[in-house]
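What follows is a single structure, written as structure tokens, with notes after it.
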Amino acid sequence: MSLVISNIEKQYKILATGTVINALNGISVTLRKGQTLGIVGESGCGKSTLARVVSGLEKPTIGTVTWANEKIKDKAKNHWRPHHSKVQLVFQDPYSSLNPRQQLGESIAEALRVHKLVTKDKIETRVDELLSIVGLTPDLKHRYPPQLSGGQRQRVSIARALASEPELLILDEPVSALDVSVRAEVMNLLIDLRSKFGLTYIFISHDLGMIRYISDVIAVMYLGKIVEYGNWEQIIERPMHPYTQALIAAMPDHSIIGNPETLAKTLQGEVPDPANLPTGCAFHVRCSIAVGACSERVPVLLEMSPEHLVACPEVKS
Amino acid sequence: MSQLKPLLLVENLGISTVQDPRTLINDVTFEIHAGEAVGVVGESGSGKTLTSLSILGLLPRGVAVTAGSVNYNGMNLTTASPQQIRELRGSAISMVYQDPMTALNPVMKIGKQLLEVIESHEKLDANSDQRVRDALKEVGIPDVARAMQSYPHEFSGGMRQRVMIAMALLLSPKLLIADEPTTALDVTIQQQILSLVAEQRQKRNMSMLWITHDLGVVANLVDRLIVMYAGRIVESGTVKEIFTNPQHPYTAGLLSSLPTTADKSRKRLTSIAGVPQKPWLVGQSCAFAPRCFKVQPECRTQIPHLVGNLEKSVACFHPMGAL
């Protein structure tokens with residue numbers, strides 16, 4: 001296993017009130033090199049926190065993350081750089097992740113200089129090369145971010161992430177901010193880059209359609225926990241956890257048309273406050289198959305069929 | 001259906017900026033009949049929001065209707081007085097916006113905000129309070145008494161959107177205009193709101209104009225669809241026609257660029273190269289021509305006009321043709 005995320009917990013304390021938010025409550029997942037792990041869940045489920053922990057931007061409260069047998073170190077500055085060069089993060093919004101006053105070529109060159117991967121005289125050539133890898137013409141390097149379209153900007157973000165020759169790319173909602181007609185282009189680019197450079201991806205999204213399209217394995221998160229894990233076909237075609245089933249039923253799908261009945265199968269209620277989690281299974285307050293015991297016992301991930309894990313004792317294999 | 005007079009008839013609508021005139025919307029024509037739900041799909045900059053805002057005279061400062069007309073029940077809204085439009089707004093035609101946090105008054109209790117809606121059109125009486133209570137209850141707000149005394153920030157995003165819907169439905173409008181009301185919500189909450197709206201529309205036999213960028217959202221919600229691109233309607237028709245037999249290369253491209261659960265093989269997504277043009281830079285040509293795989297010389301020298309009927313219309317010299 002190349003990526004081993006082991007029993008991660010992350011708590012945030014609101015200083016003013018002393019309230020503790022449990023963003024991640026025991027996440028364990030492994031990933032093979034070259035594979036793509038899709039992480040899906042609604043806002044507040046902890047998917048972005050997990051991205052920040054795996055990339056090393058945040059230190060977990062408990063637990064460890066290792067990439068290629070190397071543990072992601074604590075906040076000592078000199079330990080960061082080698083890890084950051086191997087693990088890169090691409091954010092949702094290229095409008096805010098690129099410096100609007102920096103020429104795009106300079107944005108990419110900066111990454112090259114930080115990681116000391118090429119000599120000074122080769123930087124310019126490498127910037128051109130990176131731009132063409134993501135399908136942009138090198139003359140764009142003298143432009144500023146506001147002069148580009150959303151799709152082009154996201155390509156620049158990807159080029160900058162690739163500058164350090166990473167092995168693991170964490171993509172946090174990389175196409176959600178883009179217009180529908182350019183999403184497909186960026187998705188295709190990501191798939192091409194994966195096979196060209198043998199990259200491993202963690203693809204985070206609330207959009208099951210995109211998750212389904214790119215992932216080998218999928219983890220469904222709810223309130224800081226993985227509730228179901230399996231390969232993409234298991235999760236999409238044969239979901240077992242009631243939450244996964246509800247998510248899939250709610251996914252807007254234009255392959256079913258003119259059938260208002262499809263709108264009726266909705267999940268009741270809303271996601272509870274992470275500062276005040278329900279006891280037992282956090283999902284039981286919205287669950288259609290909940291029984292009395294669900295408010296007491298904390299479900300663990302159990303293997304229902306080979307490599308298909310479900311955290312619900314009421315689901316039978 | 002076409003023999004009946006439509007409830008809303010938008011004809012040859014044009015919208016431009018006032019200074020340094022730039023065309024934003026061109027020659028937009030469509031109609032909505034009583035009880036009918038029409039969806040408008042388009043990407044950012046396609047003009048879908050401006051079209052909806054122009055109906056109620058809510059265009060932002062510096063942008064104005066420069067051509068065509070909007071007729072509601074025989075009344076021309078583009079020439080109506082502000083007083084006449086105010087009478088319609090919120091009662092006969094009401095609107096739900098994408099972001100309830102900016103549409104609701106953050107420093108006024110919900111109950112009072114809803115009472116204001118009644119007050120702006122009729123006299124408040126002993127019954128008004130109960131009407132507000134009923135409206136909130138109908139959209140699924142739990143603990144209505146407490147909700148009336150709460151401020152918008154005390155609600156979740158989904159609940160705020162329910163409050164907005166309650167407000168929009170309070171005076172039983174004939175037409176509800178909804179501008180991406182579920183875009184900011186999580187999918188399961190989006191589903192709840194869509195189901196609520198579909199149910200209320202059915203119950204009240206209300207007409208609806210639903211603006212969205214997400215084709216999946218409207219697939220099971222509306223009767224007819226309008227597809228906009230760079231300030232013009234490129235295709236319109238029944239939901240079934242648009243989804244199963246798209247004629248404009250843009251509509252076809254958009255549909256095949258979306259992953260669907262029907263595709264078991266996860267084949268490569270078809271993408272549309274390039275980016276949309278700015279409407280004011282298009283000139284005498286089809287706006288989609290630079291990105292179109294079927295482009296011909298005339299596409300670059302003439303503007304294609306929308307031709308067809310309510311079932312199916314397309315603005316293209318070389319449509320996709322039969323399946």
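Just so we're on the same page: letters track the sequence lines, and every chain starts at 1.
B:L255 touches chain A through backbone and side chain together, each having a heavy atom under 4.5 Å away. Using a 4.5 Å cut-off between heavy atoms, B:V275 contacts chain A through its side chain alone, with no backbone atom that close. Only the backbone of A:I214 comes within contact range of chain B, with heavy atoms under 4.5 Å apart. Proximity to chain A is absent for every atom of B:S256, based on heavy atoms less than 4.5 angstrom apart. With a threshold of 4.5 angstrom between heavy atoms, A:Q268 approaches chain B through N, CA, C or O but not through any side-chain atom. A:D192 touches chain B through its side chain: at least one heavy atom from C-beta onward sits under 4.5 Å away, while N, CA, C and O do not.
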request  = List the steps and the verdict of side-chain contact (heavy atoms from CB on, under 4.5 Å) for B:V144 and B:K137.
outcome  = CA-CA 6 Å; B:V144 168; B:K137 200 167 166 219; 4.1 Å; yes
request  = Evaluate side-chain contact (heavy atoms from CB on, under 4.5 Å) for B:R291 paired with B:Y229, printing each intermediate quantity in order.
outcome  = CA-CA 12 Å; B:R291 304 174 76 188; B:Y229 186 81; 3.1 Å; yes
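Using a cutoff of 4.0 Å between basic side-chain nitrogens and carboxylate oxygens, B:K203 and B:E138 are scored as salt-bridged. Salt bridge annotation for B:E311-B:R224: absent, with no cationic side-chain nitrogen under 4.0 angstrom from a carboxylate oxygen. A salt bridge does not link B:D99 with B:R160: none of the charged nitrogens is closer than 4.0 Å to a carboxylate oxygen. For the pair B:E235 and B:K312, the salt-bridge criterion is met [side-chain N within less than 4.0 Å of a carboxylate O]. Ion pairing of B:K48 with B:E180 is present here, as a side-chain N (NZ or NE/NH1/NH2) and a carboxylate O approach within less than 4.0 Å.
Taking chain B as the reference chain and counting heavy-atom pairs below 4.5 Å, the highest number among A:S43, A:G209, A:S149 is found for A:S43. Heavy-atom pairs under 4.5 Å with chain A peak, among B:E199, B:K267, B:Q202, at B:K267. Between chain B and the residues A:G269, A:G41, A:G44, the largest count of heavy-atom pairs under 4.5 Å involves A:G269. Contact count against chain A (heavy-atom pairs under 4.5 Å) is highest for B:T188 among B:T238, B:T270, B:T188, B:I272.
Looking only at side-chain heavy atoms (C-beta outward), B:P249 and B:C316 come within less than 4.5 Å of each other. Between A:K47 and A:E173 there is a side-chain heavy-atom pair separated by less than 4.5 Å.
Both the sub-6.0 Å distance and the 45° axial angle are satisfied by B:R266 relative to the ring of A:W232.
Atom CD of B:E154 sits in a crowded spot, with more than 12 heavy atoms from other residues, nucleotides or ligands closer than 6.0 Å.
Of all residues spanning residues 196-205 of chain A, none has a heavy atom less than 4.5 Å away from chain B's heavy atoms.
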